[in-house]
Amino acid sequence: MEFVGVKEPNGFVIRLKGRLDTVAAPQFDEKCGQWLEQGERHVVLDMTGVEYISSVGLRSILILGKKIMALGGKLHISSMSKLVGGVFQISGFSGIFPVFDSVDSALAKF
Amino acid sequence: MTGPGNLAEHKTTVLLIDDQAIVGAAVGKMLKPEEDITFHFCQDPSKAIETAVKVRPTVILQDLVMPQIDGLKLVTIFRSDENTRDIPLIVLSSMEEPVVKAKAFELGANDYLVKLPDRIELIARVRHHSKGYISMLERNEAMKRLASELAEAAEYVRTLLPEPFHGNGVRTDWRFVPSTSLGGDSFGYHWLDGDDLLIYLLDVCGHGIGAALLSISVMNVIRAQTLPDTDFRNPTQVLGALNSAFQMEDHNNMYFTIWYGVYNKPSRSLVYASAGHPPALLIDSGGTRMLRTKNTIIGAFPQMEYESETAELIGPARLYVFSDGAFEIRIPPENEIWPFESFVRLMAGPASLGNSRLDRLWDFAARATKSETLEDDFSIMEITFE
């Protein structure tokens, strides 16, 4: 899985590409931990390139969201495919984190 | 209890196949000062495999020119026998012959030495190849032991699952096929009293023994009804109490999803709640209904409120409660996920004589994936209300 962090004027966008699963989750956790240490607080997860998310991937997003909330920040999720959006909805994650159709609208709501 | 120390120890062991006794004596002499290297010599190439099976070398040195057998043929034999196919093989020849060398590598030799090699070089190559082979053996043994422990854990989960029963107007059945890495599924049902049947299925995030342990803990809490101040007929209370008891920070950052329902026989109603879990399917004279409530997973945040709903059964009914592993089936070659609608159609469709819908579903999954196990636990219960 690829992770790219892009600093925008009113937030930090993490672009994900590939499968967020047991294999990718530890790298995702480490990378996000580094970005939080650098001071990022308002984060958008751009899920455009995510083909699949497993329960371990969901756990990583939940842990990231909880860390961000504890630091006084916000986590927004954007641009999920129908498949990934379905997983988010069934797991109840769309009730925990605000979900947006585009990165721009997710950034605009910080 | 077992620990990492129980892995077999492998000593560097050299087997030389050469028809010339003098070569055997020379190589033996070179290796003799090395106390950690055991040396075996086989002068009869027709006994090469037999000797290798007996002494279990970590590296084989093999002459290419022997009167009884073509040396390259022997390389092929070593590579085709399951006992020796992975053992590093160094071929020895009396001269540098690029064509022969290339052929030997093509047939599966790992290295080439002109005999008699320099002692220091020989020892270095023996150690290098043996080290790689021993690492592979240790990794294989660790994987085998892990697979055995996972199978044991899966068997333990299976022993906790309730027997299918038929009585009091209800018939139950289920299928449970744990994934190779053991997911965190568990499920069950039992009568709370003469009127109320409790039905639940949970799925802990992730795979492995950690997920199974949490799954078993939750299952035991539900089986023994040990949540404080909780009416187990009330799904809202049960999910709230489970959420308080199993916050992910206290459980190695693991959460779980659950479907929990209670069937009341006199009223023929089913009160249920799901938390982050796929819907259950209720099929009766009223059609097919998906029973799901929009609650989030168990363990994410304390003080979550959980909602429940009630379904009235119309005539004879069937209820399917399952985990995502029962329908998220990847269909090769594109690995596309089987549409959920197809799963619903199969479960709601007519029964075929002598083949339950549960078997049909599993047969489809096994056939589609060409596998005896899936990526995730395959768990599904069928509850028939007469």
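Just so it is clear, the structure is predicted and the values come from calculations on it, not from any experiment. Letters go in sequence order (proteins before strands), and every chain restarts at 1.
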Taking atom CD1 of A:Ile96 and atom CZ of B:Phe301, what is their separation to the nearest 0.5 Å? 5.0 Å
Taking every heavy atom of B:Gly299 against every heavy atom of A:Lys66, the minimum-distance pair comes out as O-NZ, 4.2 Å
Should the heavy atoms of other residues, nucleotides or ligands under 6.0 Å from CD of A:Gln34 be counted, would the total exceed 12? yes
Between A:Gly57, A:Ser54, A:Ser55, who has the most heavy-atom pairs with chain B when the cutoff is under 4.5 Å? A:Ser55
Side chain / backbone / both / neither for B:Met248 at chain A, heavy atoms under 4.5 Å: side chain
Rounded distance [0.5 Å steps], CD in B:Glu336 versus CG in A:Leu83: 10.5 Å
Please indicate whether B:Glu249 has more than 12 foreign heavy atoms, meaning atoms of other residues, nucleotides or ligands, lying under 6.0 Å from its CD. yes
Comparing B:His277, B:Arg292, B:His207, B:Met254 against chain A, the one with the most heavy-atom pairs below 4.5 Å turns out to be B:Arg292
Would you indicate whether A:Asp101, at its atom CG, is surrounded by more than 12 heavy atoms from other residues, nucleotides or ligands within a distance under 6.0 Å? no
From B:Asp203 atom CG to A:Ser91 atom OG, the distance as rounded to the nearest 0.5 Å: 11.5 Å
Would a 4.5 Å heavy-atom cut-off, applied to side chains only, mark B:Ile297 and A:Leu62 as touching? yes
Is the count of non-hydrogen atoms from other residues, nucleotides or ligands lying under 6.0 Å from B:Glu155 atom CD greater than 12? yes
So which of A:Val87, A:Val56, A:Thr22, A:Leu58 has the largest heavy-atom pair count under 4.5 angstrom toward chain B? A:Leu58
Please report the shortest heavy-atom distance between B:Asn252 and A:Arg59, naming the atom on each side. O-NH1, 3.9 Å
Under 4.5 Å from a heavy atom of chain A, the part of B:Asn295 involved: backbone
